[in-house]
Amino acid sequence: MPLLEISKLTHRFAGLCAVSDFNCAIEPHELVGVIGPNGAGKTTVFNLITGVYRASEGSIKLNNQELVGLTPHQITKLGIARTFQNIRLFKELSVLDNVRIAHYGQIAYTPAEALLHIGRFRAEEKRIIHQALDLLSIFKLDEMAGEKAKNLPYGLQRRLEIARALATEPNLLLLDEPAAGMNPNEIIQLMDFIGWIRKTFSVTIILIEHQMRLVMGICERLIVLDFGATIATGVPAEIQNNPKVLEAYLGVEVAV
């Protein structure tokens with residue numbers, strides 16, 4: 001059974017069809033790339049999977065459970081986490097608090113216990129801090145735990161955002177343009193980093209990316225969108241020579 005199965009997914013904004021009849025099946029532990037020109041509908045697919053938008057038509061199933069109609073926090077609890085094209089950290093909070101926040105969907109104490117600092121509150125807070133510091137240590141961010149997130153260099157902010165996503169203990173991680181703003185050397189490091197994440201956390205990854213060096217280098221399979229429609233799927237070697245893909249990117253018809 002696929003981990004994620006999307007069938008006939010369609011979404012419209014007023015009269016604009018942003019995603020049209022999108023279908024895919026993602027197997028456990030796969031690393032799949034979603035590519036296409038700007039405005040192709042890639043981030044809209046992520047927003048539909050995570051409940052930011054509700055699909056106009058179609059089905060999205062995680063482990064055979066329907067996600068359409070669920071709220072983002074319900075979907076997160078089921079095992080999907082994401083990052084964003086533009087980093088969305090709590091910039092005025094510390095590095096540690098950015099990761100702590102991700103644990104609060106799993107807390108075991110009540111609002112009354114939190115307000116009065118009684119019952120399970122202290123033990124749970126201790127556990128959350130310990131888990132957050134362990135995760136920061138894995139990502140080599142523990143020495144910056146007390147630093148405000150906004151003071152981190154760009155590459156470390158991106159790393160922190162991924163650490164925060166993984167704090168929710170997902171089965172499926174969605175990365176939206178993780179290489180945005182990175183130089184060639186940083187992209188090479190990111191390729192190794194993404195592979196390390198998949199292996200270390202045993203997580204399935206779908207990523208949106210414009211950096212062809214990255215997607216061709218690490219993705220096992222690619223899905224190509226253009227104007228909201230899927231124009232090609234396959235392994236990177238097939239995609240890079242696909243006439244429809246070349247036409248979408250170059251804007252001219254390519255002779256076969």
Would you say that [X] contacts [Y] through its side chain, given a criterion of any heavy-atom pair below 4.5 Å between the two side chains?
X	Y	value
Ile80	Thr76	no
Val68	Ser59	no
Leu89	Arg164	yes
Val99	Leu160	yes
Leu174	Thr50	yes
Arg213	Ile188	yes
Asn171	Val203	no
Asn23	Ile6	no

Is a donor from one side chain sitting under 3.5 angstrom from an acceptor on the other, for [X] and [Y]?
X	Y	value
Thr10	Asp21	no
Lys91	Gln157	yes
Arg82	Asn47	yes
Glu147	Ser94	no

Any chance you could measure [X], atom [atom1], to [Y], atom [atom2], to the nearest 0.5 Å?
X	Y	atom1	atom2	value
Leu70	Ile75	CG	CD1	5.5 Å
Thr44	Phe13	OG1	CZ	4.5 Å
Asp192	Ile197	CG	CD1	11.0 Å
Lys126	Ile129	NZ	CD1	10.0 Å
Met191	Gln211	CE	CD	10.5 Å
Leu222	Ile35	CG	CD1	5.0 Å

Quiz item: Could you walk me through whether Ile239 and Val235 pass the side chain to side chain contact (heavy atoms under 4.5 Å, CB included) check?
Solution: CA-CA 6 Å; Ile239 295 302; Val235 300; over 6 Å; no

Where [X] and [Y] come nearest, the two heavy atoms and their spacing:
X	Y	answer
Cys219	Pro236	O-CG, 3.3 Å
Leu214	Ala179	CD1-CB, 3.9 Å
Ala149	Asn98	CB-ND2, 3.5 Å
Leu48	Arg54	CD2-C, 4.0 Å
Ala180	Gln85	CB-O, 4.4 Å
Arg100	Ala132	CG-CB, 4.0 Å

Would you find a donor on one side and an acceptor on the other, under 3.5 Å apart, between the side chain of [X] and the backbone of [Y]?
X	Y	answer
Asn242	Lys244	yes
Glu30	Val32	no
Thr168	Ala165	yes
Ser137	Leu133	no
Glu5	Pro2	no

Might you confirm whether atom [atom1] of [X] has over 12 heavy atoms from other residues, nucleotides or ligands at distances under 6.0 Å?
X	atom1	result
Glu143	CD	no
Phe201	CZ	yes
His130	NE2	no

Using a strict 4.0 Å threshold on nitrogen-to-oxygen distance, state whether [X] and [Y] make a salt bridge.
X	Y	value
Glu57	Arg12	yes
Glu161	Arg88	no
Arg198	Glu220	yes
Lys148	Glu92	yes

Tell me whether [X] shares a hydrophobic cluster with [Y], the cluster being built from Ile, Leu, Val, Met, Phe, Trp, Tyr side chains joined at under 4.5 Å.
X	Y	result
Leu225	Met212	no
Phe90	Met144	no
Leu175	Val45	no
Ile223	Ile49	yes
Leu207	Met182	yes

Practice problem: Check the pair Asp142 / Leu135 against side chain to side chain contact (heavy atoms under 4.5 Å, CB included), numbers first and verdict last. | Solution: CA-CA 8 Å; Asp142 49 318; Leu135 190 57; over 6 Å; no

Self-check item: Audit row: Ile206, Leu172, side chain to side chain contact (heavy atoms under 4.5 Å, CB included) steps and yes/no
Solution: CA-CA 8 Å; Ile206 307 175; Leu172 176 62; 3.9 Å; yes

Self-check item: cation_pi(Arg159, Phe193) dist<6.0 Å, angle<=45
Solution: yes

Quiz prompt | Aromatic ring pairing His11/Tyr53, orientation class (parallel under 30°, perpendicular over 60°, tilted between) | solution = parallel

Quiz item: Stepwise, does the side-chain hydrogen bond (donor to acceptor under 3.5 Å, both in side chains) test hold for Asp176 with Thr83?
Solution: CA-CA 6 Å; Asp176 193 347; Thr83 64; over 6 Å; no

Exercise. Using the side chain to side chain contact (heavy atoms under 4.5 Å, CB included) rule, take Phe84 and Phe46 through it: C-alpha gap first, then chi angles, then the decisive distance, then the call.
Key: CA-CA 10 Å; Phe84 296 85; Phe46 272 20; over 6 Å; no

Practice problem: In sequence, state the C-alpha distance, the side-chain angles, and the governing distance for Lys42 and Glu177, and then conclude on salt bridge (Lys or Arg N to Asp or Glu O under 4.0 Å). | Solution: CA-CA 10 Å; Lys42 304 180 298 294; Glu177 295 196 33; 5.4 Å; no

Self-check item: Criterion side chain to side chain contact (heavy atoms under 4.5 Å, CB included) against Arg221, the qualifying member of Leu31, Thr233, Ile26
Solution: Ile26

